[in-house]
Asks: 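Could you have a look at this structure, given as structure tokens, before my questions?
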Amino acid sequence: MSDEKYYVTYNTIHNAVKRLSEKVLESGFDPDLIVAIGSGGFIPARIMKTFINRPIFAVGISYYGVDNRHLESPQKIQWIDEVEQKLTGKKILLIDEVDDTRATLSYCVKELLRHEPEEIAVLVIHNKKKKKDAEFPPEIKRYFPAKEIDDRWIKYPWDAEDIEDHDQCEKSMKEHNA
Ligand code: G4P
Ligand code: MG
């Protein structure tokens, strides 16, 4: 992975989600509900609701332990047990911020598929172009990454302690690459 960090602002994410919402609908996929993978998928999912107004169900899945090392496999922190039956026969738009190793995403897809939804479409802000540790099952026919990027560490605005400084970093990065 390159050392150079990749900064994204709230506005960049908002615009990316707006463009993606148009793509989703143009593809003929009209979701019944949104599933957000927390915590990174929460804010993108909420922005999506502005453009595609559907209920959001939240799931928490972690692939990192307290020492910031990968667990053996992704683990559910929070799941939608009491409403699982609401997934059956439904079109689900699954949202996360980043497709990195794909381990969390594909685990989540497999768990959701157990409830026999009509279809699941996967939407992410960033897809890292790298070798993935897991693949999506063949049931996934629609995949919407807003942006394909090299294997760099992405700095999301919700992690920023100084948001003005964060926004300036995105600006400098863009000027540098212009
Ligand atoms: P994937 O299926 O989405 O590829 O996820 P993977 O299992 O590889 O693990 C993803 C975890 O690593 C997620 O955190 C994700 O947010 C974080 N991550 C991966 N690459 C980046 C990056 O470039 N920048 C940032 N900021 N985070 C990255 P998580 O443990 O699931 O929790 P959360 O942060 O979403 O709460
Ligand atoms: Mg995440």
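Position 1 is the first residue of the sequence; numbering continues from there. Whatever order the structure lists them in is the order used to number ligands and atoms, beginning at 1.
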Asks: Looking at E135, I want to see if its CD is surrounded by more than 12 non-hydrogen atoms of other residues, nucleotides or ligands under 6.0 Å.
Replies: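 Correct, the count exceeds 12.
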
Asks: Below 30° counts as parallel, above 60° as perpendicular, anything between as tilted: where do the rings of F51 and H14 land?
Replies: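 If you compare the ring of F51 with that of H14, the planes turn out perpendicular.
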
Asks: Which protein non-hydrogen atom lies closest to atom 24 (N) of ligand 1, naming both residue and atom, and how far is it?
Replies: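 Going by distance alone, atom 24 (N) of ligand 1 is nearest to I154 O, 2.8 Å.
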
Asks: Give the name of the N/O/S atom in E97 that lies closest to the Mg ion (ligand 2).
Replies: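 E97's closest N, O or S atom to the Mg ion (ligand 2) is named OE1.
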
Asks: Salt bridge between D150 and K129, side-chain N to carboxylate O under 4.0 Å?
Replies: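 A salt bridge links D150 with K129.
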
Asks: Take atom NZ of K155 as the centre, draw a 6.0 Å sphere, and report whether it contains more than 12 heavy atoms from other residues, nucleotides or ligands.
Replies: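 12 or below, so no.
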
Asks: Can you tell me which residue and heavy atom of the protein come closest to atom 8 (O) of ligand 1, and the distance to 0.1 Å?
Replies: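 Protein heavy atom at minimum distance: T101 OG1, 2.4 Å.
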
Asks: Count the heavy atoms of every other residue, nucleotide or ligand shown that sit under 6.0 Å from CD of E116, and state whether that count exceeds 12.
Replies: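 Atom CD in E116 is not packed in, count stays at 12 or less.
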
Asks: So is there a nitrogen or oxygen of K128 less than 3.5 Å from a nitrogen or oxygen in ligand 1?
Replies: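 Yes: some nitrogen or oxygen of K128 is under 3.5 Å from one in ligand 1.
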
Asks: Which residue from L71, V98, V122 reaches closest to atom 3 (O) of ligand 1 through any of its heavy atoms?
Replies: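 The option holding the nearest heavy atom is V98.
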
Asks: If you count the non-hydrogen atoms of other residues, nucleotides and ligands that lie under 6.0 Å from NZ in K76, is the total more than 12?
Replies: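 Count over threshold, so yes.
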
Asks: Could you tell me whether H126 approaches ligand 1 through its side chain, its backbone, both or neither, with non-hydrogen atoms closer than 4.0 Å?
Replies: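 Under 4.0 Å from ligand 1, H126 contributes no heavy atoms.
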
Asks: Which heavy atom of the protein is the closest neighbour of atom 7 (O) of ligand 1, given with residue, atom name and distance?
Replies: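 Of the protein heavy atoms, T104 OG1, 2.5 Å lies nearest.
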
Asks: Does ligand 1 have any atom sitting under 4.0 Å from a heavy atom of K155?
Replies: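 Contact absent.
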
Asks: With ring-ring contact (aromatic ring centres under 6.0 Å, His included) as the criterion, how do H166 and Y156 come out once you've worked through the C-alpha distance, each side chain's angles and the decisive distance to 0.1 Å?
Replies: CA-CA 9 Å; H166 178 93; Y156 287 102; 8.7 Å; no

Asks: Any idea which protein heavy atom is nearest atom 15 (C) of ligand 1, and the distance to it?
Replies: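 Nearest protein contact, heavy atoms only, for atom 15 (C) of ligand 1 is E97 OE2, 3.6 Å.
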
Asks: I'd like to check which ligand 1 atoms, numbered from 1 as shown, lie under 4.0 Å from a non-hydrogen atom of D159.
Replies: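 Ligand 1 atoms under the 4.0 Å threshold to D159: 26 (N).
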
Asks: Distance below 4.0 Å between atom 13 (C) of ligand 1 and any protein heavy atom?
Replies: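 No.
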
Asks: Suppose I only count heavy atoms of G40 and a 4.0 Å limit; which atoms of ligand 1 are within that range?
Replies: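 So the answer, numbered in order with elements, is 33 (P), 35 (O), 36 (O).
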
Asks: Please say which of K90, R142, K141 ends up in a salt bridge (charged side-chain N to carboxylate O under 4.0 Å, His left out) with E119.
Replies: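 Option passing the salt bridge (charged side-chain N to carboxylate O under 4.0 Å, His left out) with E119: R142.
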
Asks: For atom 21 (C) of ligand 1, what is the closest protein heavy atom, and at what distance to 0.1 Å?
Replies: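 The closest heavy atom on the protein side is W153 CZ3, 3.3 Å.
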
Asks: What do we get for Y156 next to ligand 1 when only non-hydrogen atoms under 4.0 Å count, side chain, backbone, both or neither?
Replies: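 For Y156, the contact with ligand 1 is made by the side chain alone.
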
Asks: Among all protein heavy atoms in this structure, tell me which lies nearest to atom 11 (C) of ligand 1, with the distance rounded to 0.1 Å.
Replies: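 Checking every protein heavy atom, the shortest distance to atom 11 (C) of ligand 1 gives Y64 CE1, 3.5 Å.
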
Asks: Is it true that a side-chain atom of K91 and a backbone atom of F29 form a donor plus acceptor pair closer than 3.5 Å?
Replies: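 Side chain of K91 to backbone of F29, a donor-acceptor pair under 3.5 Å: no, none is there.
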
Asks: In terms of atom number and element, which parts of ligand 1 are under 4.0 angstrom from non-hydrogen atoms of I61?
Replies: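 So the atoms of ligand 1 that pass are 31 (O).
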
Asks: Could you go through the salt bridge (Lys or Arg N to Asp or Glu O under 4.0 Å) check for R54 and D30 one step at a time?
Replies: CA-CA 10 Å; R54 294 291 180 274; D30 186 8; 3.0 Å; yes

Asks: With a 4.0 Å cut-off on heavy atoms, is D133 touching ligand 1?
Replies: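 It does not, in that no heavy atom of D133 comes within the 4.0 Å cut-off of ligand 1.
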
Asks: Quick one: does S39 get an N or O within less than 3.5 Å of an N or O on ligand 1?
Replies: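 Between S39 and ligand 1 (N or O atoms, distance only) the closest approach is under 3.5 Å.
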
Asks: At less than 4.0 angstrom from any non-hydrogen atom of R152, what atoms of ligand 1 do you find?
Replies: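 Selected atoms, number and element: 23 (O).
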
Asks: Among all protein heavy atoms in this structure, tell me which lies nearest to atom 4 (O) of ligand 1, with the distance rounded to 0.1 Å.
Replies: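 For atom 4 (O) of ligand 1, the nearest protein heavy atom is D100 N, 2.5 Å.
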
Asks: I'd like to check V98 versus K128 (side-chain heavy atoms, cut-off strictly below 4.5 Å). Are they in contact?
Replies: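 SC-SC contact between V98 and K128 confirmed.
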
Asks: Is it true that a side-chain atom of T88 and a backbone atom of H115 form a donor plus acceptor pair closer than 3.5 Å?
Replies: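 Confirmed, T88 side chain pairs with H115 backbone.
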
Asks: Go through ligand 1 atom by atom and flag the ones less than 4.0 Å from a non-hydrogen atom of R102.
Replies: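 Matching atoms, with element in brackets: 1 (P), 2 (O), 4 (O).
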
Asks: Has K132 got any heavy atom lying under 4.0 angstrom from an atom of ligand 1?
Replies: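 Outside the 4.0 Å threshold, so no.
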
Asks: Tell me whether the count of non-hydrogen atoms from other residues, nucleotides or ligands lying under 6.0 Å of NZ in K130 goes above 12.
Replies: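 More than 12 within 6.0 Å, yes.
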
Asks: Should you measure from each heavy atom of L105, which atoms of ligand 1 turn up under 4.0 Å away?
Replies: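 Those of ligand 1 that fall under 4.0 Å from L105 are 2 (O), 3 (O).
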
Asks: Kindly indicate whether atom 31 (O) of ligand 1 is approached by any protein heavy atom to under 4.0 angstrom.
Replies: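 Under the 4.0 Å cut-off, atom 31 (O) of ligand 1 does have protein heavy-atom neighbours.
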
Asks: Can you tell me if R152 uses its side chain to pair, donor with acceptor, with the backbone of K5 under 3.5 Å?
Replies: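 Answer holds: yes.
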
